[in-house]
Amino acid sequence: MAVRKVSGLLLDIDSTQDEQGLACIRLFLRTGKGIECFTDPDFRPYFYVLCDDAAKRKKELEGMEWQDANRKVRLLKAEAVEKANAGNALKVSFKNTSDLTFVRGEIRKAAGVKETREYDIPFAKRYVIDKGLEPMGYAVVEADAENRALRVACDRERDEAVKRLRVCCFDLETLSPGRFSDPKRDAIVMISYADADEQHVFTFGKKVKRDYVTVFDDERGMVQALVDKIKEKDPDIVVTYNGDSFDFPYLKERCQRLGLKFDVNADGSEPVVRQKGMDKAVKVRGRQHVDAFQIVRLLARLGVLDLVKFDLEAVAKALYGEEKEKVKPEEINQAWDSGKGLERVADYNLADAAYTLRIARDYLPLTVEMAKLTKQTAFDVSRSSTGILVEYLLIDKSYRNNLLIPNKPREEEVEARAEKSFEGGYVKSPVPGLHENIAVLDFRSMYPSIIVSHHISPDTLNCACCKGLDKHKAPTGDWFCDKRQGFFSSLLEDILNKRIEIQKQMKAVAKDTTEYKVLYARQWALKILLNSFYGVLGYARFRWYSRECATAVTAWGRHYVHEVLQAAENDGFTPLYADSDSAFLILPREKSEDDVKKFAKKVNEALPGVMELEFEGYYRRGIFVTKKEGGAAKKKYALMDFEGNLTIVGFEYVRRDWAQIAKETQKRVIEAVLKEGKPDKAVKVVRETIERLKQGRVPKEELFMYTMLRRTVGKYEQVAPHVAAAEKAIKRGKDIGVGSVLEFIITKSGKTISEKAELAEFVREGDYDAEYYINNQVVPAVIKIMRELGYSEQDLVHGGKQSSLGAFT
DNA sequence: TAATTCGCTAGACCGA
DNA sequence: TCGGTCTAGCGAA
């Protein structure tokens, strides 16, 4: 029998059943021949059973039969296995996944069975982990003439995935006659397509004067052209923007209506729309469908992007600083009906696909690296939370270490865990007012480094061998093994070291190369995982949840920050403020930046393991303020370095739920005070703003406030302004979904603020409540700063005090 | 389908 | 109408 050995990019993995009802894994690889599908009919779904006596129960279980009205199921086999963290484990296998699902609940009732494990690892993921494969990495397959895989292994030698990835994007424009587009009724009027080599817009029946536009006779011809184009280009990855919830489902429905086959999957089948939680997700079998919208959402969660709206216009601006013209749905309808201005629509349509392609080009490397690290497909990675990614990283690592994976907690357990919160970081009350010569120190990746340095892991917790030893005894009283690093902790250390190694490699590579971009993406993926480890330890649904570990981490964190503050004071610095992993120190006249660095060095010599205190910066001036209710405000301050650069933290200026006019005024006040030391100028700025508001000439944009609608309108106990605005808009026929960020204004009409609140699009220029914006926005934002300089509200709003109060003496 | 706690503040809501 | 309490959202780390 001829055996062929091929290496290819592992794009997709799923499973089917053969004629005999046996589960069969399918692997989709990009080889020299295109995307080839290989099957592995010999891998069986399984899970583990922990029992009192493995040898005895093996026979019993193999003899058992489970049945209902429709079927009878038996195990394929049960085999005793040695696991590093459990005795008497049986690995029980099944013909297929539905048999497994049928039996997994029942088998717990069998005599001698104590527990079942790993019964909820999806079959295809199970295969990837057990075979040591890497999705979006290369795999070597030895296959017979029918493409049955006889051997499968990861091909770590090859690493050119990102360079060679075939990516294509498309985007639809549809008709929406006075309502949201409905694929059952409304036609697609334009489709843009973009890949590395070509860009097109397809339309039908109209004249469009653009050379990149191809005009077809009808919608059917146009849609067919897209389908043909995708099949011709045979991409590894199809990227859309919002394709999960819009473009793909819409296309699918249209194809059905038009009698077209939407056969763009690598095996010639059609994409499937899956329900994923509250959202949809569209799978293109054999290839990967990545919705760039999900990538953008991830970037927003990571703080790379600060977005209110997630449309491509906002993204283009935030990511690339470029203005992209928006063409509204009604404009598209109008252009289509009149046949005029279709060039503008085509430009817009093409720009959508082009920007989507650009986002893909820039951020697919991160997806690819994350896929390889966590053994998930690009499809899954781009739609997963960091919690899920960490979980799969640990699942894979468990398998490699022959460890049995803990089960997901039951719902009662989740509730019980969530009920008891735990103490977090320490925040020191600052001294309100103006300060000069402030040094900021912080612990580099504090929580990860505590976990690594103190061997924090569920399996090293309170070990018998280290009882009474002080070395890894947390302030909580729990201790961790000194002899063993622990599963969780050692994995974290590996990641930490790997990242340092990659960062070293990056220094030897030119920045504009693909190699650099890949390395950058790799260390970034590691950083994301690194920073999620502590969070999941205290996450109620996490398999490896450990309250003891989570509390030990924060307790040590508080301990070390206190130590630094104390040591600083002993050395002649004045501790000003601290938050979780940082320490703000005021330098006395005789001390310099160098002394701070020396101090940090001294601290570092005494710190355990990989923990490190870093010098973050030295600032000329800083201001801390008093809370409205009195007392020093935490998490709110502004610093200015010796070059005049401002850092504003926690103030209204950084909050999206405050109006631009208040934020901008606040910033100018901070600038006047910190940069120029001119509080009287600040007063002038405030008075001018108030005057402008009173005259009613402030444009809408400066008055918008943004707040997310976090639940369905009816589910609120209190109707806040943004909810009231949403209610009114919905009554007018607007469709507002949970999770959308509302842009609203406080208008003149109504009594309460909620009554006055309206979505910005329904408000005409000049219709705003000046009193509200003065008294509830501008004044509260600036008064907290001006108060520190001895000014009162009256001083700002009315005449009064003009002289500076010698703020810097 | 879902990473953590700490902290500030608004505006609604409720009872006197 | 006023003041206290609570819901809700956002940001820091």
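Computed from a predicted model, the values in this text were never measured in an experiment. Below, all heavy atoms of this structure are taken into account, side chains as well, without hydrogens, waters or symmetry copies. Throughout, a chain's letter reflects where its sequence line sits, starting with A, and its residues are numbered from 1.
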When you compare the side chain of [Y] with that of [X], does any pair of heavy atoms fall below 4.5 Å?
| X | Y | result |
| --- | --- | --- |
| A:Tyr560 | A:Leu613 | no |
| A:Leu373 | A:Ile495 | no |
| A:Pro780 | A:Trp658 | yes |

Notebook entry, point to check: So with a 6.0 Å cut-off around CZ of A:Arg499, is the heavy-atom count from everything else above 12?
Noted result: yes
Next item on the list: Could you tell me whether A:Lys498 atom NZ has more than 12 heavy atoms of other residues or ligands within 6.0 Å of it?
Entry: no
Neighbours of DNA chain B within [range], by heavy-atom distance under 4.0 Å:
| range | value |
| --- | --- |
| residues 410-430 of chain A | A:Ser421, A:Phe422, A:Glu423, A:Gly424, A:Gly425, A:Val427 |
| residues 487-494 of chain A | none |
| residues 378-390 of chain A | A:Ser385, A:Gly387, A:Ile388 |

Return the polar atom pairs (N/O with N/O) between nucleotides 1-4 of chain C and the protein under 3.5 Å, or none.
none

Electrostatic pair [X]-[Y], nearest N-O below 4.0 angstrom:
| X | Y | value |
| --- | --- | --- |
| A:Lys276 | A:Asp380 | yes |
| A:Asp279 | A:Arg383 | no |
| A:Lys283 | A:Asp14 | no |

Checklist line | Results of side chain to side chain donor-acceptor pair (under 3.5 Å) for A:Arg656 - residues two or more places apart only | finding: none
Item checked: Lys/Arg cation over aromatic A:Tyr772: A:Lys756, 6.0 Å, 45° cone -> no
Check: Does anyone know the first and last nucleotide of DNA chain B in reach of chain A, 5' to 3', at under 4.0 angstrom to a heavy atom?
Finding: B:dT1 to B:dC13
Not counting sequence neighbours, which residues clear ring pair (Phe, Tyr, Trp, His ring centres under 6.0 Å) with [X]? List them please.
| X | result |
| --- | --- |
| A:Tyr637 | A:Tyr577, A:Phe584, A:Phe624 |
| A:His559 | none |
| A:Tyr653 | none |

Notebook entry, point to check: What's the shortest heavy-atom distance between A:His722 and A:Leu742, and which atoms?
Noted result: O-CD1, 3.4 Å
Review item, side-chain donor-acceptor pairs of residues 439-451 of chain A, under 3.5 Å, at least two apart:
from	atom 1	to	atom 2	distance (Å)
A:Arg444	NH2	A:Glu612	OE1	3.2
A:Ser449	OG	A:Ser445	O	3.1
A:Ser449	OG	A:Met446	O	2.9

Notebook entry, point to check: Where along nucleotides 7-13 of chain C does protein come under 4.0 Å, by heavy atom, of base (B) or sugar-phosphate alone (S), with - for untouched nucleotides?
Noted result: BSBBBBS
Applying a 4.0 Å non-hydrogen cut-off, can you work out what [X] is touching in the nucleic acid: base, sugar-phosphate, or nothing?
| X | value |
| --- | --- |
| A:Ser754 | sugar-phosphate |
| A:Lys784 | sugar-phosphate |
| A:Tyr545 | nothing |
| A:Asn776 | sugar-phosphate |

Next item on the list: Give a yes or no on whether the backbone of A:Phe542 and the side-chain of A:Arg417 come within a donor-acceptor separation of less than 3.5 Å.
Entry: yes
Item checked: Whole-angstrom distance between B:dA3 and C:dA12, as gauged at atom C1' -> 16 Å
Next item on the list: Classify the angle between the aromatic ring planes of A:Phe248 and A:His289 as parallel (below 30°), tilted (30 to 60°) or perpendicular (above 60°).
Entry: perpendicular
Checklist line | Qualifying side chain to side chain donor-acceptor pair (under 3.5 Å) pairs, either residue in residues 622-636 of chain A, two or more places apart | finding: A:Asp579-A:Lys635, A:Thr626-A:Glu788, A:Lys636-A:Glu652
